[in-house]
Structures are given as structure tokens and as C-alpha cells.
Amino acid sequence: MANAPLTSDTPVVVVANRLPVDQVSQPDGTAQWRTSPGGLVAALEPVVQATKGTWVGWPGVPDTPLEPFDVDGMRIVPLDLSAEDVADYYEGFSNGTLWPLYHDVTGEPVFERRWWESYCDVNARFARAVDLEASEGAIVWVQDYQLQLVPALLRERRPDLRIGFFDHIPFPGYEIYARLPWRRQVVEGLLGADLVGFQRGGDAANFLRAARGTCGAATRGSVIECGGRQLRAAAFPISVDAAALDELARRPETIQRARTLRHEFGDPETLILGVDRLDYTKGILHRLRAYGELLDDGDLHPPETVLVQVASPSRERVEEYQRLRNEVEVIVGRINGDHSDLGHPAVHYLHQTFPKEEMAALYLAADVLLVTPLRDGMNLVAKEYVACRHDEHGALVLSEFAGAADELRQALLVNPWDIDGTKEAIRRAVAITPQEAARRMRSLRRRVAEFDVHRWANAFLGALAMVAESREG
Ligand code: G6P
């Protein structure tokens with residue numbers, strides 16, 4: 001069955017910048033492990049657990065050498081980064097250069113030679129760590145934009161491995177990509193894989209174009225030929241563990257918690273929810289502007305309607321993120337100043353990360369979920385919401401520029417740059433009839449249940465096995 005959890009005789013070695021758990025220090029000086037942020041971890045954790053595999057990555061704090069250990073059925077191999085690596089490779093090249101560039105320049109990319117050197121150095125260390133960890137013929141699955149050089153570096157050391165790469169974020173059009181001073185080296189890094197996966201067909205097409213443009217590769221459909229080797233680049237839209245989320249959301253304690261939350265938010269007629277990492281690609285400012293105007297125009301009335309915006313802390317040392325936080329807090333303050341009643345804020349702004357149990361309750365409590373990124377590889381929050389709504393209530397307002405929009409056609413789709421269009425979509429979502437909401441939600445739920453994270457992993461690893469077999473003859 002396509003959606004059965006993966007069982008593999010060959011354990012998968014996942015390599016990602018982050019481990020699925022982050023080490024956080026407590027006020028008393030002790031350290032504790034906590035689930036890492038973001039969609040990548042949420043999607044891959046069940047895959048590594050199902051194959052009893054290994055995860056190589058950074059534990060989230062600099063200068064903390066740690067021995068490998070086991071957690072939740074996974075072998076965890078921590079890779080230590082110094083404070084300088086974090087500044088140059090992670091905050092610099094990954095999040096100051098690649099992140100804005102790949103998200104269609106929603107922020108201004110900075111091209112800094114020192115950051116590039118650090119990126120090369122850290123990618124080489126990841127490749128060495130995997131070399132030590134991977135058994136003969138193992139499957140290695142490299143994740144995301146922080147590690148694009150690892151496939152070729154690893155192939156050089158270990159031609160026996162089957163190497164897959166998955167890009168969780170968009171791959172930009174060539175006119176944008178071509179600005180990168182190291183565009184050839186990055187593509188060469190990726191061409192070391194047997195299979196390069198993307199969220200959307202458009203991302204794969206952009207990459208094929210970049211392979212032709214920078215490395216003179218020949219492409220035929222999804223097949224790439226370069227330097228006497230063949231590989232494939234294709235779309236594999238990532239998803240969530242729909243059955244697990246459905247089960248969590250059906251638990252009596254989750255349902256009860258959703259009721260309590262609504263009560264704590266003042267028992268509004270309409271509870272609107274936004275859930276994002278605090279990132280400039282997520283369109284939080286545009287969304288708040290649209291919401292604020294709806295209140296100014298008298299279309300929505302707090303406290304009958306409230307907005308709950310969860311904005312989880314992210315990349316807090318990067319200047320762009322600090323600026324965004326300030327801007328978000330100014331606009332939330334203005335809306336609340338103008339429109340709150342005593343004891344009833346119009347916007348509940350939570351700069352926090354919540355465990356998945358609490359998130360499931362929040363999803364169940366929300367009449368409307370706003371997912372309006374300016375650009376997003378996939379956006380798993382949209383899929384999590386759908387997977388939790390077993391009651392078939394709730395309306396999803398979704399940006400056309402999220403990968404999820406390709407699949408979730410029954411959402412209310414918006415162009416987040418269009419404030420009037422966003423306001424109209426919010427008005428429609430608030431006024432939706434229960435019948436229309438249920439019809440749309442049923443269709444969304446069918447899609448997410450069928451194309452879940454297990455199917456994604458099976459499809460990717462199945463395609464990887466086929467490419468590698470044909471390569472091995
Ligand atoms: C996105 C990226 C991931 C990243 C996550 C959290 O989902 O695709 O690679 O791990 O954001 O960001 P952070 O920088 O905290 O790892």
C-alpha cells in the first residue's frame with residue numbers, strides 16, 4: 001500500500017542542517033532537548049523512525065561537541081558548529097544569501113565571499129561525518145538549501161552510496177538564480193545526487209534550466225546527463241503524517257482543550273488563526289495590514305472576531321528577522337490600540353513555540369486559518385490544519401505562492417500582495433456557510449490523507465532506488 005509507513009532493510013541516513021531535536025539550556029544551567037522548528041523536521045522524523053535510521057545534523061547551539069545517541073527510535077549523530085560557523089555558514093550564506101534569493105528575492109540577498117567559504121567548509125564536514133556513518137551501499141538522503149554541496153562531495157568519497165537530495169524551499173527562476181556568484185559550484189554540488197527532489201514541478205523545471213545554463217548539462221524530461229553520469233530531477237510534494245494528526249485531534253483531551261482555548265480567547269463568534277515562523281517570506285505584515293483594514297472599515301468587529309497570531313521565534317540573530325519582529329509588533333500594537341476592548345485584545349500575538357498537542361487544539365478551535373506567505377516551498381501548517389479538522393469545520397485561506405496551493409485547490413486562494421483581494425478572501429471565509437465549509441474541507445482532507453508524508457517518502461525513495469539501479473547497471 002502506497003501510504004504504509006516505510007519499512008526498509010537499508011536504514012536511511014538523513015543529513016540535515018538541524019537535528020530533529022535542539023539542545024536548549026535551562027535557567028538552572030542544565031540542558032534539555034526540544035523538537036526543532038520548521039516543516040522539514042516535522043516531515044522527516046516519522047520517516048527516520050520508521051526505518052530505524054540515522055540523522056546527522058547540528059544540535060542548534062554552537063560549540064557543543066556531543067557523542068551520538070539514540071532518541072525515539074533514531075540514531076542521532078550531532079555535528080558541532082563553532083560560533084563562527086553559525087555566523088557565516090548558517091546565518092550568513094544559508095539565511096542571508098540563499099534564503100532570500102531562493103524565495104524570489106522577498107528579502108535582499110547579501111553576497112559575501114567569507115560566508116561562501118564557510119558554506120564550503122561546513123558542507124565538507126557534513127560529507128565527512130556521513131562517510132563515517134554510512135554503511136556500504138547505504139541510502140543517504142540530504143536535505144535542503146544549507147547542504148547543497150554535500151551530494152557531490154559525498155559521491156567523490158563514497159561512490160557506493162545511493163544519494164538523494166530534497167530541496168524544501170523554492171528553486172528560483174534562472175534570472176534570479178544566475179545572480180549567485182557561485183551558481184555553477186552549487187549546481188555541481190547538487191548534480192552529485194542520483195535524484196534531486198523539489199516541492200513543485202516549476203522548481204524542478206527551474207533547476208533543470210540552471211543545470212543547462214551553468215554546467216552545460218543535457219536534459220531530457222526529468223533526466224539530466226552531465227559528465228558521463230545520469231540523474232533525475234523531479235517534483236515530490238512533501239506532506240504531513242495525516243493519520244497521526246487526525247488521531248491526535250480526535251482525542252477527547254484535544255477537543256476539550258480546543259473548547260477551553262476558545263473560552264480563553266473570549267468565546268468569539270469567529271476565531272481567525274495565523275501560525276508561522278516569524279519570517280519575512282510568510283507575509284505576516286501584509287496579512288496584518290489586511291486584517292487591520294477590515295477592522296477600520298467596520299467589516300469585522302472585535303471581540304466578536306479575534307485574530308490569534310502565533311509567530312514562533314526564528315533566526316533571531318539575523319538583522320532582517322529582528323527588523324521584521326519590530327514591524328510586526330508595531331502593527332499589532334496599533335491594531336490593538338485602536339480596536340481592543342478592556343481585557344479583550346483584537347489580536348492575540350504569541351511570539352512562542354507550542355508543542356504539537358497544543359497546536360492541534362488551536363487548529364480545532366479556529367474557524368479560519370490564514371496561510372498567506374509571499375513565497376513558500378510547501379507550507380505544512382496548511383496541511384496540518386486540514387488533517388486535524390475531522391469535524392469538517394473551518395475555512396482555509398491560502399496563498400497562491402505556497403507550494404501547497406498546487407494541491408489544496410479547495411482552499412480560498414489569494415494573492416497575498418493584493419491587500420483588497422486578501423480582505424475579500426477573509427470576509428468570505430468568515431461568512432462561509434457550514435455546508436460550503438464542509439464540502440471544501442472534505443475535498444481537502446481527501447487530498448491530504450491520500451498524499452501523506454509516508455507516500456512522499458515512499459515515492460522519493462522508490463524513485464531513488466530506480467535511478468541508482470539503472471546507474472549501477
Ligand atoms: C524551513 C527550512 C528548514 C529549516 C526550518 C527552520 O522549514 O526549509 O530547513 O530547518 O525552516 O529554520 P531554522 O533556520 O531554524 O532551521
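Side chains are part of it too, since the values below use all heavy atoms of this structure and drop only hydrogens, waters and symmetry mates. Position 1 is the first residue of the sequence; numbering continues from there.
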Enquirer: Could you check whether the rings of Phe166 and Phe460 sit parallel, tilted or perpendicular, using 30° and 60° as the cut-offs?
Expert: perpendicular

Enquirer: More than 12 heavy atoms of other residues, nucleotides or ligands under 6.0 Å from CZ of Arg317: yes or no?
Expert: no

Enquirer: Could you check Val328 against Leu288 for side chain to side chain contact (heavy atoms under 4.5 Å, CB included), going step by step and ending with a plain yes or no?
Expert: CA-CA 8 Å; Val328 166; Leu288 286 171; 4.0 Å; yes

Enquirer: May I ask you to check whether Trp115 and Tyr89 place their ring centers less than 6.0 Å from one another?
Expert: no

Enquirer: How close do Pro268 and Glu304 get, counting heavy atoms only, and between which atoms?
Expert: CB-O, 3.3 Å

Enquirer: So, are Arg262 and Asp267 salt-bridged, with charged N and O less than 4.0 Å apart?
Expert: no

Enquirer: As an exercise, state the distance from CG of Asn336 to NE2 of His344, rounded to the nearest 0.5 Å.
Expert: 13.0 Å

Enquirer: Assign the ring pair Trp182 / Trp116 to parallel, tilted or perpendicular, where the plane angle (0 to 90°) is split at 30° and 60°.
Expert: parallel

Enquirer: Got a second to check how far Trp417's CH2 is from Leu374's CG, nearest 0.5 Å?
Expert: 4.5 Å

Enquirer: Mind checking whether Tyr102 and Tyr145 have ring centres under 6.0 Å apart?
Expert: no

Enquirer: Report the distance from atom CG of Leu369 to atom CZ of Arg389, rounding to the nearest 0.5 Å.
Expert: 9.5 Å

Enquirer: Can you check ring-ring contact (aromatic ring centres under 6.0 Å, His included) on Tyr177 and Phe171, steps first, answer last?
Expert: CA-CA 8 Å; Tyr177 180 73; Phe171 196 89; 5.0 Å; yes

Enquirer: What distance separates Asn379 CG from Ile238 CD1, expressed to the nearest 0.5 Å?
Expert: 11.5 Å

Enquirer: Between Glu91 and Arg315, is there a salt bridge with N-O shorter than 4.0 Å?
Expert: no

Enquirer: Taking all atoms of both residues into account, what is the closest heavy-atom pair of Val414 and Ala425, and its distance?
Expert: CG1-CB, 3.0 Å

Enquirer: Taking all non-hydrogen atoms of both residues into account, name the closest pair between Phe69 and Pro78 and its distance.
Expert: CE2-CG, 4.0 Å

Enquirer: Using side chain to side chain contact (heavy atoms under 4.5 Å, CB included), reason through Thr422 and Arg287 one step at a time and then give a plain yes or no.
Expert: CA-CA 8 Å; Thr422 306; Arg287 181 188 315 160; 5.7 Å; no

Enquirer: How close do Arg18 and Gly60 get, counting heavy atoms only, and between which atoms?
Expert: NH1-CA, 4.0 Å

Enquirer: Hey, are Arg113 and Glu117 close enough for a salt bridge, meaning a charged N less than 4.0 Å from a carboxylate O?
Expert: no

Enquirer: Enter the distance from Leu98:CG to Gln148:CD here, rounded to the nearest 0.5 Å.
Expert: 5.5 Å

Enquirer: Any chance CD of Glu319 has more than 12 other-residue heavy atoms, nucleotides or ligands included, within less than 6.0 Å?
Expert: no

Enquirer: Rounded to the nearest 0.5 Å, what separation is found between the CG atom of Leu396 and the NZ atom of Lys383?
Expert: 11.5 Å

Enquirer: With the threshold set at 4.0 Å, does a side-chain nitrogen-carboxylate oxygen contact exist between Glu253 and Arg257?
Expert: no

